[in-house]
Amino acid sequence: MGIHIVDVKNIRPLRNLVLRPNLPIETTFYDLDFHKETIHLGFIKNNQIVSIGTFYPQNDIELKSKNGFRLRGMATHPDFRRNSYASKLMLESFRLLQNKKCDIIWCNARLIAIDFYRLLGFTTIGNEFNIKDIGPHYKMFKKLKLFHKNKLSNLTF
């Protein structure tokens, strides 16, 4: 049990079930799934991936990030929600991204997920917008403080 880096092929079924129901599995392929810096995280319980997130390098002009990472494909299996699996996965992603000197993590958040991201320290920016076949979203971001060897107190989760 726990959070692991996983192969993208192993998270596509959960992406499809939660994020693209009734759409072809091909809609779960992201352009940067195979980028050398992309991280696919999965929370595994009883040999089953129950929560996922994909993080890849992508700066955002509005956010003026220098080493930004985008979160995509965040999902938790309906049978495993409200168990903190997604929160724990996100906290681990912050640690991993700080090690990559990421300054900002951002995402396009569905309305149903806004409160979840706010609890993790994300802020909305801009107006609500619609993604075809998926629905309304807000752009959200979180600044990650970089830490130095002698200043671990700067670590923020």
Side-chain angles (χ1 to χ4, degrees), residues 3-43 49-78 80-146 156-157:
I3 300 158
H4 301 276
I5 294 175
V6 294
D7 192 291
V8 68
K9 72 177 184 245
N10 296 324
I11 63 174
R12 284 209 174 101
L14 188 53
R15 277 184 187 171
N16 196 224
L17 174 71
V18 175
L19 303 173
R20 304 288 193 273
N22 305 315
L23 292 174
I25 191 89
E26 291 79 24
T27 64
T28 67
F29 289 78
Y30 302 152
D31 290 343
L32 296 176
D33 271 344
F34 295 102
H35 187 280
K36 66 180 181 173
E37 296 293 322
T38 296
I39 302 169
H40 303 285
L41 288 180
F43 193 104
I49 298 175
V50 299
S51 190
I52 56 173
T54 294
F55 307 84
Y56 56 75
Q58 187 174 55
N59 289 320
D60 182 85
I61 295 169
E62 280 182 290
L63 299 172
K64 298 181 173 107
S65 53
K66 293 181 179 145
N67 190 26
F69 270 71
R70 182 176 179 186
L71 162 63
R72 288 196 72 188
M74 184 81 208
T76 299
H77 191 285
F80 294 92
R81 291 186 181 144
R82 304 272 182 232
N83 289 296
S84 299
Y85 300 136
S87 297
K88 290 175 183 174
L89 185 143
M90 288 300 296
L91 292 175
E92 177 64 11
S93 79
F94 298 159
R95 186 187 69 75
L96 291 171
L97 294 175
Q98 284 173 317
N99 287 339
K100 290 182 170 285
K101 299 192 178 9
C102 171
D103 58 345
I104 290 178
I105 179 173
W106 67 278
C107 65
N108 292 327
R110 294 168 189 241
L111 300 186
I112 195 168
I114 299 289
D115 289 339
F116 167 75
Y117 290 117
R118 281 192 179 134
L119 286 172
L120 291 166
F122 282 72
T123 303
T124 57
I125 184 172
N127 297 318
E128 180 181 312
F129 60 94
N130 191 60
I131 297 177
K132 186 180 184 280
D133 297 327
I134 300 171
H137 288 68
Y138 276 95
K139 184 182 292 186
M140 297 190 80
F141 73 97
K142 177 181 176 70
K143 289 184 179 181
L144 295 181
K145 292 184 180 177
L146 301 179
T156 303
F157 291 109

* Structure fact -> dist Ile105:CD1 -> Leu63:CG (nearest 0.5 Å) comes out at 11.5 Å

* Asked: Taking atom OH of Tyr138 and atom CG of Leu111, what is their separation to the nearest 0.5 Å?
  -> 7.0 Å

* Asked: Which residues satisfy the side chain to side chain donor-acceptor pair (under 3.5 Å) test with Asn67, sequence neighbours excluded?
  -> none

* **Ile39 side chain near Leu97 side chain, heavy-atom distance below 4.5 Å** => yes

* With a cut-off of 6.0 Å (strictly less than), are more than 12 heavy atoms of other residues, nucleotides or ligands near CD1 of Ile131? -> yes

* Point-to-point distance, once rounded to the nearest 0.5 Å, from CD of Gln98 to OG of Ser93 -> 9.5 Å

* To do: Go through the structure and list residues passing side chain to side chain contact (heavy atoms under 4.5 Å, CB included) with Leu32, not counting sequence neighbours.
  => His35, Thr38, Tyr56

* Asked: Could you give all pairs that pass the ring pair (Phe, Tyr, Trp, His ring centres under 6.0 Å) test and reach residues 99-127, with sequence neighbours left out?
  -> Tyr117-Phe122

* Structure fact -> All heavy atoms of Met74 vs all of Leu19, minimum pair found to be O-CD2, 3.6 Å

* Asked: Do other residues, nucleotides or ligands put more than 12 heavy atoms under 6.0 Å from Asn130 CG?
  -> yes

* State, yes or no, whether a side-chain contact exists between Phe55 and Met90 at a heavy-atom distance under 4.5 Å. => yes

* Asked: For Glu62, which residues count as a salt bridge (charged side-chain N to carboxylate O under 4.0 Å, His left out) partner, sequence neighbours excluded?
  -> Lys139

* **Distance in Å, Leu89 CG paired with Leu41 CG, rounded so as to fall on 0.5 Å steps** => 5.0 Å

* **Phe29: ring pair (Phe, Tyr, Trp, His ring centres under 6.0 Å) partners, not counting sequence neighbours** => none

* **Reported OG1-to-CD1 distance for the pair Thr27 and Ile134, which is rounded to 0.5 angstrom** => 7.5 Å

Would you be so kind as to tabulate the donor-acceptor pairs closer than 3.5 Å made by side chains of residues 5-18, with sequence neighbours excluded?
{"from": "Asp7", "atom 1": "OD1", "to": "Lys9", "atom 2": "N", "distance (Å)": "2.9"}
{"from": "Arg12", "atom 1": "NH2", "to": "Asp33", "atom 2": "OD2", "distance (Å)": "2.8"}
{"from": "Arg15", "atom 1": "NH1", "to": "Thr28", "atom 2": "O", "distance (Å)": "2.5"}
{"from": "Arg15", "atom 1": "NH1", "to": "Asp33", "atom 2": "OD2", "distance (Å)": "3.1"}
{"from": "Arg15", "atom 1": "NH2", "to": "Asp33", "atom 2": "OD1", "distance (Å)": "2.9"}
{"from": "Arg15", "atom 1": "NH2", "to": "Thr54", "atom 2": "OG1", "distance (Å)": "2.8"}
{"from": "Asn16", "atom 1": "ND2", "to": "Arg20", "atom 2": "O", "distance (Å)": "3.3"}
{"from": "Asn16", "atom 1": "ND2", "to": "Leu23", "atom 2": "O", "distance (Å)": "3.1"}

* To do: Give the minimum heavy-atom separation between Leu120 and Ser87, together with the two atoms involved.
  => CD2-O, 4.4 Å

* With Glu37, which residues qualify under salt bridge (charged side-chain N to carboxylate O under 4.0 Å, His left out), at least two apart? -> Lys100

* To do: Give every residue pair that meets the salt bridge (Lys or Arg N to Asp or Glu O under 4.0 Å) criterion with at least one member in residues 63-74, sequence neighbours excluded.
  => none

* **Min side-chain heavy-atom separation Ile125-Phe141 under 4.5 Å** => yes

* Measuring from Asp103:CG to Phe69:CZ, what's the distance to the nearest 0.5 Å? -> 10.0 Å

* Asked: Sequence neighbours excluded, which residues qualify as ring pair (Phe, Tyr, Trp, His ring centres under 6.0 Å) partners of Phe43?
  -> Tyr85

* Quick one: list whatever passes side chain to side chain donor-acceptor pair (under 3.5 Å) with Asn59, sequence neighbours left out. => Ser65

* **Pairing residues for His40 by the ring pair (Phe, Tyr, Trp, His ring centres under 6.0 Å) criterion, not counting sequence neighbours** => none

